[in-house]
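Naming: A, B, ... by sequence-line order, numbering from 1 per chain.
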Amino acid sequence: MIRDKGCGEIKESDRGLTLTLSGWIFRRRDHGGLIFVDLRDRSGIVQVVFSPDVSGEAHELAHDLRSEYVISVSGEIRKRPDGTENLSIPTGMVEMYVNKLEVLNESSPLPFGIEDAGDASEALRLKYRYLDLRRPEMQRNLIIRHKVTKVIRDYFDEKGFLEIETPVLTKSTPEGARDYLVPSRLNPGYFYALPQSPQLFKQILMVSGFEKYFQIVRCFRDEDLRADRQPEFTQVDLEMSFTDREDVIKVIEGMMKKLFKDVMDIEIITPFERLGFHESMERFGNDKPDLRFGLELKEMADLSQKGSFKVFLDALQSGGRIKAINGKGMANLSRREIDMLTEEAISFGAKGLAWIKVKNGFESPIAKFFPEEILKEMAQRLEAEEGDLMLFVADKEKVVFDVLSRMRLEFGKRLNLIGSGYKFAWITDFPLLEWNDEKGRFEAMHHPFTSPMDDDIEKMLTGDMNNKELLFSLRAKSYDIVLNGYEIGGGSIRIHRRDVQRKMFELLRISEEEAKVKFGFLLDALEYGAPPHGGIALGLDRLVMIMVGALSIRDVIAFPKTSKASCLMSGTPSTVEPKQLKELYIKTDLP
RNA sequence: GGGGUGGUAGUUCAGCCCGGUUAGAACGCUGGCCUGUCAAGCCAGAGGUCGCGGGUUCAAGUCCCGUCCACCCCGCCA
């Protein structure tokens, strides 16, 4: 052993002990006579002192030390002289007087400093990821991620769940995201797909009678990347038998409570707030609201109708909606700045943005179209006071929600309304189906195995299939969990009745043969006594990202990919030998 | 596939609008001095394919076109 303790573990009680420490040189301060080195390992930093009075040999050798050399030092731990304590580090009361120094390895000068690597470009950090990961912040992120998975495993174990692995080489399912494909050498022309999620397998495990399954599992989706989306990501996946929505919700709330308590020492209040899908859309314009601030969307159709502004009246005439938000304290915006807001709205899909300043009465190009009382009522509804800016969008419902939800978030950031803390919510009562205009048919909003609400099953089985209104009104037994404006998970109670599943495929215009080809093995399994079951999958990367306060999941993944899905460190993806392609019966056909 | 931002010393950036001397700064690096620093200090020094390719011009880091890479967003992500 070439160390007795971690650098960050040295305490005043170690005073007088002679210890050996090993680590990397974080910083060196060479005074000629005295040399100070901040020695770093995973546990933290401690100052070691090289003095000719203690060891001339070690002191001589220490002149040649450089950043990130790996060294081992032995010496006495002493209290620092009065007035030289460093209160900014936990070990700042003590230091080691080195009498023996061994250089275990040297280091080339670094492409960027470890202490301020946060300022280095992300491309550089990703190329030298092993150096980036030396940063205390990145170490902390990955340590927290470890603790999170450990607590999750302990929690589910206590609750009687079994962690069971499912295949990584699996079957391509045409619905959903684009699959990553793996050619089969033994079956020329055939392909495996990497799983988008273990959905079908976990349901089959329920048919097999395992009753409670979970897995912390890598999933793959070949879609474009975002700050919170990587092509390979990790799900906390679970499924339970003889269960309903409330059971799943309770299990997850318990898990989150324990997670935040054990990992962060933060008390999370349960049960979480619940919002119906429609309520969430009306109040926030999306189904993953950030509940840390207000600025809610307000209905303006009724009041708008009492004015004579043609754009508003036309929007309502053609079945559109009018809603507004309050730009708190933004009445001092110049015409130019409001034009920029309008451009932003247009980039979000709006045709324009109507505004009314609450400033010495009402100031707006459209104020003249409304009686004073109506303007006052508008302001009252938006809780707009002197100095605020009311912003209206009149358009198709989808555009109104879309534009105002983005503006709300934008204002939340700009006005610094988003406080710290963690605001969870469940979004429930999603529609079972959504209309796909391109394909001219309904699609499952969650997936085709999601059960309708009990009250809607009869409607679904006996109702008129061509009645669009009726089909739109069917609600799913599905639920999303939202944290600080991020969707961090979603799940549903599954269909376990054959007749309901058949009807579902019928509604989705999926023929029996087609269903057999796509999901045959699950449908077969459901024929043999499937228990009622349901579950949920959580995005582990997103959850940990929010917990550590990172802005991208790349900061909680050891070796992430760039937005072109490549790894700058390893040079992935890469070309392969022609021989390898030949073995797989693959010819490339590049543009 | 589309929109936006960026790419200049090892690093972070200035210079680009408005083309014109030897392309600067800080940090880092190298050497020297220095016994209480903790972003140590002081002195000296080295260090550049201005992402890449083409064009305009007497002259391009600067203007134009194309292209590559990174990041953010839209589409996409049952």
Notebook entry, point to check: How are the rings of A/Phe505 and A/Phe519 set relative to one another: parallel (under 30°), tilted (30 to 60°) or perpendicular (over 60°)?
Noted result: parallel

Consider the side chain of [X], meaning its heavy atoms from C-beta on, and name the nucleotide among [options] that approaches it most closely.
X	options	answer
A/Ala120	B/C34, B/C77, B/U12	B/U12
A/Lys564	B/A78, B/C69, B/C72	B/C69
A/Arg406	B/U11, B/U37, B/G75	B/G75
A/Arg554	B/C71, B/C29, B/G36	B/C71
A/Leu124	B/A78, B/U11, B/C38	B/U11
A/Glu223	B/C76, B/G75, B/A40	B/C76
A/Ala227	B/U12, B/A78, B/C73	B/C73
A/Arg229	B/A70, B/C73, B/G75	B/G75
A/His447	B/A78, B/C38, B/G10	B/A78
A/Tyr97	B/C76, B/C71, B/G36	B/G36

Checklist line | A/Phe36-A/His31 aromatic ring centre distance below 6.0 Å | finding: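 Yes: the rings meet the under 6.0 Å criterion.
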
Item checked: Check: A/Phe191 ring centroid to A/Tyr180 ring centroid under 6.0 Å -> no

Separation of [N] [atom2] from [X] [atom1] (nearest whole Å):
X	N	atom1	atom2	value
A/Ile346	B/G3	CD1	P	17 Å
A/Asp132	B/G10	CG	P	20 Å
A/Ile35	B/G32	CD1	P	12 Å
A/Leu65	B/U37	CG	P	21 Å
A/Phe36	B/A40	CZ	P	12 Å
A/Ile25	B/G28	CD1	C1'	16 Å
A/Gln235	B/A78	CD	C1'	13 Å

Within the 3.5 Å criterion, strictly below it, is a donor on [X] or [Y] matched to an acceptor on the partner's side chain?
X	Y	result
A/Arg29	A/Gln47	yes
A/Ser172	A/Asp179	yes
A/Arg494	A/Ser492	yes

How far, in whole Å, is [M] from [N] if one measures between their [atom1] atoms?
N	M	atom1	answer
B/G61	B/U21	P	11 Å
B/C18	B/A44	P	40 Å
B/A59	B/A14	C1'	23 Å

Donor-acceptor pair (no angle test) under 3.5 Å: [X] side chain, [N] base:
X	N	value
A/Arg66	B/G28	no
A/Arg221	B/C77	no
A/Glu122	B/G6	no
A/Arg29	B/U35	no
A/Arg226	B/C71	no
A/Arg28	B/C38	no

Note to self: Whether A/Arg408 engages the ring of A/Phe293 as a cation-pi pair (distance to the six-membered ring centre under 6.0 angstrom, angle to the ring normal within 45°) should be assessed.
What the structure shows: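 Geometry flag: set, cation within 6.0 Å and 45°.
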
Hunt down the Watson-Crick or G-U wobble partner of [N], both distances under 3.5 Å, from any strand shown, or write none.
N	result
B/A44	B/U30
B/C71	B/G4
B/A23	none

Note to self: With a cut-off of less than 4.0 Å, is there a side-chain N or O of A/Thr84 near OP1 or OP2 of B/U37?
What the structure shows: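 Negative; the distance criterion is not met.
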
